[in-house]
*Asks:* 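The structure that follows is given in the form of structure tokens.
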Protein chains: 2
Amino acid sequence: MARTQGSHSDITGPRIRTEALRLFAQHGYAAVSMRQIASAVGVQAGALYNYTPDKQSLLFSLMEGHMTELLAAWHEQEAAYTAEASDPKAKVLARLEAFTRFHIRFHLERPDAVFIAYMELRNLSEDNFTAIESLRREYENALQAILKEGVRLGVLHVPDPKIATLAVIAMLNGVMTWYRSGGRLSLEEVEGIYWDMVKKSMQV
Amino acid sequence: MARTQGSHSDITGPRIRTEALRLFAQHGYAAVSMRQIASAVGVQAGALYNYTPDKQSLLFSLMEGHMTELLAAWHEQEAAYTAEASDPKAKVLARLEAFTRFHIRFHLERPDAVFIAYMELRNLSEDNFTAIESLRREYENALQAILKEGVRLGVLHVPDPKIATLAVIAMLNGVMTWYRSGGRLSLEEVEGIYWDMVKKSMQV
DNA sequence: CTTTTATATGAACATTCGTTCAGTTAGGCT
DNA sequence: AGCCTAACTGAACGAATGTTCATATAAAAG
């Protein structure tokens, strides 16, 4: 009754997600066929439908999973900074730095998922699009809240918090277009360079 | 012999490009069929092949046209700033501001072309990809040259010019994800907000 | 008017697509 | 041993894909 041990492989489900993620990121959702995914997994196309009702649901599930992970990881990260009480002005700057470094680190660890999450929005059905958009907005609001508190405390100069939020995220996302691990710069250095720019762009 | 006046419409060629651009931007290259493009133009699919050898060439032509326009427009814009001789330190800042405002303005005027130009790179054949990449690098070098001169003159603080170039362009590109003409902010205000952030992010 | 030529049609082509499903396989349970 | 059930195959489905081409059309050229 309960799945104690899979009959054949026991890991086909996860592997489908892994291979689909890779192929969607590489060639785009519309350009990848179910047969390509099945072949990468080492299975026939029909077998995929034991794990997903259809192709669209597979895409949505990957995107939703990524966004959920992102939010969970940030909330965990942020908790550490809000726990320790200290000077509010220093704390909001520390939170902004934490967000900057977290965003870069998290996204560089999952280039394929990130690529898909903002590249394949237009291939989602209307309902699925709304759901993902909502998760994205939740993440943006996390940064925007930091900026607004920084303005309130007088430690940040931000003419328009909404625009600044989007500008910062766009800038940080840019790191994915060029960073390759093992390259000229270490992850730590990259984080530092971007944090320097973010910090200064909002200096009072 | 020479095409004096088109037999039927005389504007089918341009209209194919217009509609293909719109559809590619909206649904993605792979998700748009030649029949959809033809239908949008008001013609049968076979007629498209009087204007393009195949679908791939149509995509490449659109991207190449966009990048060429971009470079030509910037070089014309920059010429105005290099002509008038004045204080070099003030001039390099003026050039940076000009680039920032130009980039925002130019890109907001062609959202579809911009979208395609960096979204459909993976759908280009190898040769076509190389060609577009080269044009893109040429544009990036224009900004990088400004930053390097700014560093040389001591008016800009840029730890890594290559990264800063990509970071600025990524940030400016972000404007396209949210700006809608007729919205809360005018184009002039948007330019100002972004220029403020760019300038400060590189302050000495 | 006749000929030429650019332009468009619409049917046809070989493939490929997402998806379904009856049948096979093989391990777990009683 | 015999049954059960989840996993997978392999063939099949109708629909859609990019592209070709013989044919029709109508305006321009002579």
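Every chain is numbered from 1, with letters handed out A, B, ... down the list of sequences.
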*Asks:* Between D:dA6 atom C1' and A:I11 atom CD1, what is the distance in whole Å?
*Replies:*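 One finds 16 Å between C1' of D:dA6 and CD1 of A:I11, rounded.
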*Asks:* Over how many whole Å does the gap from B:M34 atom CE to D:dT20 atom P extend?
*Replies:*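 Taking atom P of D:dT20 as the reference, CE of B:M34 is at 10 Å.
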*Asks:* Is the distance from OP1 or OP2 of C:dA8 to the nearest side-chain N or O of B:Y51 less than 4.0 Å?
*Replies:*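 It does, given that an N or O in the side chain of B:Y51 lies less than 4.0 Å from OP1 or OP2 of C:dA8.
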*Asks:* For the side chain of B:R136 and the backbone of B:A117, is there at least one donor-acceptor N/O pair under 3.5 Å apart?
*Replies:*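 Indeed, once roles are kept as given, a pair shorter than 3.5 Å links the two residues.
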*Asks:* Sort and list the pairs that fulfil side chain to side chain donor-acceptor pair (under 3.5 Å) and have at least one residue in residues 137-148 of chain A, not counting sequence neighbours.
*Replies:*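 Residue pairs with at least one partner in residues 137-148 of chain A: A:H103-A:Y139.
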*Asks:* So does A:S186 get a backbone contact from the side chain of A:E189, meaning a donor-acceptor N/O pair under 3.5 Å?
*Replies:*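 Confirmed, A:E189 side chain pairs with A:S186 backbone.
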*Asks:* Which nucleotide in the list C:dG10, C:dT7, C:dT19 gets nearest to the side chain of B:N50?
*Replies:*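 Comparing C:dG10, C:dT7, C:dT19 against the side chain of B:N50, the answer is C:dT7.
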*Asks:* Rounded to the nearest angstrom, tell me the gap between atom OH in A:Y29 and atom P in C:dC17.
*Replies:*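 Value for this atom pair: 13 Å.
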*Asks:* Rounded to the nearest angstrom, tell me the gap between atom CD in A:Q44 and atom C1' in C:dG18.
*Replies:*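 Answer to the nearest Å: 15 Å.
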*Asks:* Check this one for me: any side-chain N or O of B:S33 less than 4.0 Å away from OP1 or OP2 of D:dT17?
*Replies:*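 Checking B:S33 against D:dT17: at least one side-chain N or O falls below 4.0 Å of OP1 or OP2.
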*Asks:* I need the CZ-C1' distance between B:R35 and C:dT9, as an integer number of Å.
*Replies:*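 Nearest whole value for this atom pair: 13 Å.
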*Asks:* Round to a whole Å and report the spacing from NE2 of B:H27 to P of D:dT17.
*Replies:*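 After rounding, the reported distance stands at 12 Å.
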*Asks:* Rounded off to whole Å, could you give me the CG-to-P distance for the A:L48 and C:dC21 pair?
*Replies:*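 These atoms are roughly 17 Å apart.
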*Asks:* In whole angstrom, give the distance that lies between atom CG of A:L59 and atom P of C:dG18.
*Replies:*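 Spelled out: CG on A:L59 to P on C:dG18 is 13 Å.
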*Asks:* Check whether any side-chain N or O of A:T12 sits under 4.0 Å from OP1 or OP2 of D:dA7, and answer yes or no.
*Replies:*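 Negative; the distance criterion is not met.
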*Asks:* So how far is it from A:Y118 OH to A:H107 NE2, rounded to the nearest 0.5 Å?
*Replies:*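 Going from the OH atom of A:Y118 to the NE2 atom of A:H107 covers 9.5 Å.
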*Asks:* Would you say the side-chain atoms of A:R17 pair up with the backbone N or O of A:L58, donor to acceptor, closer than 3.5 Å?
*Replies:*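 Side chain of A:R17 to backbone of A:L58: no pair is present.
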*Asks:* Of all the choices, C:dG10, D:dT9, D:dG18, which nucleotide is nearest to the side chain of B:Y49 once you look at every atom?
*Replies:*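 Nearest to the side chain of B:Y49 among the choices is D:dG18.
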*Asks:* With sugar-phosphate meaning primed atoms plus P, OP1 and OP2, does A:V32 contact a base, only sugar-phosphate, or nothing at under 4.0 Å between heavy atoms?
*Replies:*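 It contacts sugar-phosphate atoms only.
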